[in-house]
Amino acid sequence: MATSPTPTAEEIRANSYVGFDTITQQIEHKLLKRGFQFNVIVVGQTGLGKSTLINTIFASHLIDSKGRLEADEPVRQTTEIHPVSHVIAENGVKLRLNIVDTPGYGDQVNNENCWDPIIKYIKDQHSAYLRKELTAMRERHIQDTRIHCCLFFINPTGHSLRAIDIIVMKKLSERERLSSRKFGMSLYTTIFDIRNMIPFAVVGSERTVIIDGKSVRGRKNRWGVVNVEDERHCEFVYLRNFLTRTHLQDLIETTAQIHYEAFRSKQLLALKEQTNPRPAAATSSQ
Ligand SMILES: Nc1nc2c(ncn2[C@@H]2O[C@H](COP(=O)(O)OP(=O)(O)O)[C@@H](O)[C@H]2O)c(=O)[nH]1
Ligand SMILES: [Mg+2]
C-alpha cells in the first residue's frame, strides 16, 4: 500500500495540515475496490502447451487441456473462439482475467484463412467497447474485453517458422504498426529490451518436483529435471515477470490509448464521412 507522509507534529500544531496528500490513498482505495481486468489471447497449434503455460504464469488452474473452465463442462469440438473468465487475487488486489483460447488454430492440413476468426475476435471487442462508449447513457465503467496481450506459440522444432505462423504474426502486428505510426512510439520504448528476447524459450508445468530438497514447479524428462523458474533452464521467468510484474499496466494502457484510440478515430471519421460526405470538388482535389 502506498503511504503518504504522515504530517509532522509541527505541521499539526501549526494547524497547517490540509490533508490532500491522502489523494493517492483515495485513488488506490477506489482502484482496489473495482479491481483490474486483463485479457489475453493465446494462439498456436493444439498440444504446444498453451493451457499449461497460462496456468503456470498465473499459478492457478484456470483452463484445462481441453480449454474448459470446469471439468464437467463439455469438451468443445468446434474451432469457435471462446473466452474463459477467472478472478484471481493477491494481497487484496483483484485481477479479472479473460483468457481467450483459439482452438484448432493451424491444426488443419489446409489452414487458409484460419486466422480470420482471431483477427475478427480482436476487432469485435473494440467495436463492442466503442458501441458502449457511444450510448447516451453510458456506464461509468465499461466492461473491458479488449485484448491486451497475444501470446503466440511456435513449435520448438528448431526448424524455421511455419509459413502460416509468419502470415498470422504479420496480420496481428499490422494493427500495431498502423496505430503506432499515428500516435508515436513513446509508449513502446520501455519494452524494447524485452523485444530483443522474443521469442522466449519457455517450459510450463503445473506439477511440482523436488530439486535440492525444495518443491518447485517443474518437469522431469529423460535428461533430468527442469525447474520452470530457473533462468538457467528456460526463459519462463522473463516472460512471467514482463507480463505480470513490470508491464501489466503498460499492456492495458497501450491497448486503450494506442490500439483502441486508433480504431476509435478511424471508425468515427468513417462515420462522419458517411453522414456528412465531402463535396465532390473537395474530394477530387485530394
Ligand atoms: N515437455 C513439455 N511438455 C509440455 C509443456 N507444456 C505442456 N506440456 C504437455 O503437453 C501436453 C499439451 O499441453 P496443453 O497445455 O494442453 O497444450 P495446448 O493444446 O496448447 O493447450 C500436455 O501433456 C502437457 O503436460 C512443456 O513446456 N514441456
Ligand atoms: Mg489448450
Side-chain angles (χ1 to χ4, degrees), residues 38-86 88 97-109 111 114-115 117-119 121-122 147-159 161-169 172 197-211 214-244:
F38 188 52
N39 306 321
V40 189
I41 193 165
V42 288
V43 182
Q45 267 175 288
T46 302
L48 284 186
K50 300 186 293 299
S51 306
T52 309
L53 187 73
I54 287 288
N55 294 341
T56 317
I57 290 174
F58 294 104
S60 321
H61 189 72
L62 304 173
I63 37 176
D64 74 12
S65 55
K66 309 285 187 304
R68 301 172 299 180
L69 186 58
E70 304 289 349
D72 53 5
E73 216 179 286
V75 175
R76 261 184 281 277
Q77 294 291 350
T78 60
T79 53
E80 204 179 298
I81 291 180
H82 191 94
V84 294
S85 271
H86 216 97
I88 55 176
L97 281 169
N98 269 348
I99 299 152
V100 185
D101 208 349
T102 52
Y105 159 83
D107 290 349
Q108 312 302 320
V109 176
N111 289 309
C114 71
W115 52 83
I118 298 169
I119 308 282
Y121 183 89
I122 297 173
I147 295 294
H148 301 123
C149 169
C150 172
L151 290 179
F152 196 94
F153 287 68
I154 310 164
N155 205 340
T157 52
H159 302 301
L161 283 170
R162 297 190 309 162
I164 178 197
D165 289 335
I166 297 172
I167 295 172
V168 176
M169 276 193 267
L172 285 166
M197 295 188 62
I198 290 172
F200 294 99
V202 294
V203 175
S205 174
E206 289 190 71
R207 299 232 173 93
T208 53
V209 291
I210 308 290
I211 297 180
K214 270 199 230 133
S215 162
V216 295
R217 276 182 304 169
R219 259 176 199 282
K220 277 199 176 86
N221 61 31
R222 263 187 291 161
W223 303 279
V225 271
V226 179
N227 177 355
V228 165
E229 299 204 36
D230 187 333
E231 290 145 47
R232 291 165 305 177
H233 294 183
C234 76
E235 296 172 332
F236 170 80
V237 166
Y238 300 118
L239 174 63
R240 194 268 319 273
N241 289 1
F242 173 76
L243 283 183
T244 63

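Every number for a ligand or one of its atoms is a count from 1 in the order of the listing. As the structure is a prediction and not an experimental result, all values here were calculated from the model. Scope of the values below: all heavy atoms of this structure, side chains included, with no hydrogens, waters or symmetry mates.
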Of the listed options K220, R219, K50, closest to atom 25 (O) of ligand 1 (non-hydrogen atoms) | R219
Selection from S205, S51, A201 by shortest heavy-atom distance to atom 21 (O) of ligand 1 = S51
Side-chain contact test, heavy atoms from C-beta onward, threshold under 4.5 Å: evaluate it for C149 versus L243 and give yes or no.
-> yes
Under 3.5 Å: N/O of G49 near N/O of ligand 1 | yes
Result for side-chain contact (heavy atoms from CB on, under 4.5 Å) between H233 and one of V226, V228, V203 points to V226
Which of the atoms in ligand 1, numbered in the order shown and given with their element, are less than 4.0 Å from a heavy-atom of [X]?
X    : result
G204 : 5 (C), 6 (N), 26 (C), 27 (O)
T52  : 6 (N), 7 (C), 13 (O), 14 (P), 15 (O), 24 (C)
Q45  : 20 (O)
T46  : 19 (O)
V203 : 27 (O)

Mind checking whether the Mg ion (ligand 2) has an N, O or S of T52 under 2.8 Å?
-> no
Closest heavy-atom contact between [X] and [Y]?
X    : Y    : value
C234 : A201 : CB-O, 3.5 Å
G204 : L53  : CA-CD1, 4.3 Å
I164 : G106 : CD1-CA, 3.9 Å

Polar side-chain atom of H86 near backbone of L97 as donor-acceptor pair, under 3.5 Å | no
Parallel, tilted or perpendicular: which fits the ring planes of F152 and Y105, with parallel below 30° and perpendicular above 60°?
-> perpendicular
Is R217 paired with E206 through a side-chain N to carboxylate O contact shorter than 4.0 Å?
-> no
Does G44 have a non-hydrogen atom less than 4.0 Å from ligand 1?
-> no
Close approach, E206 and ligand 1, non-hydrogen under 4.0 angstrom = no
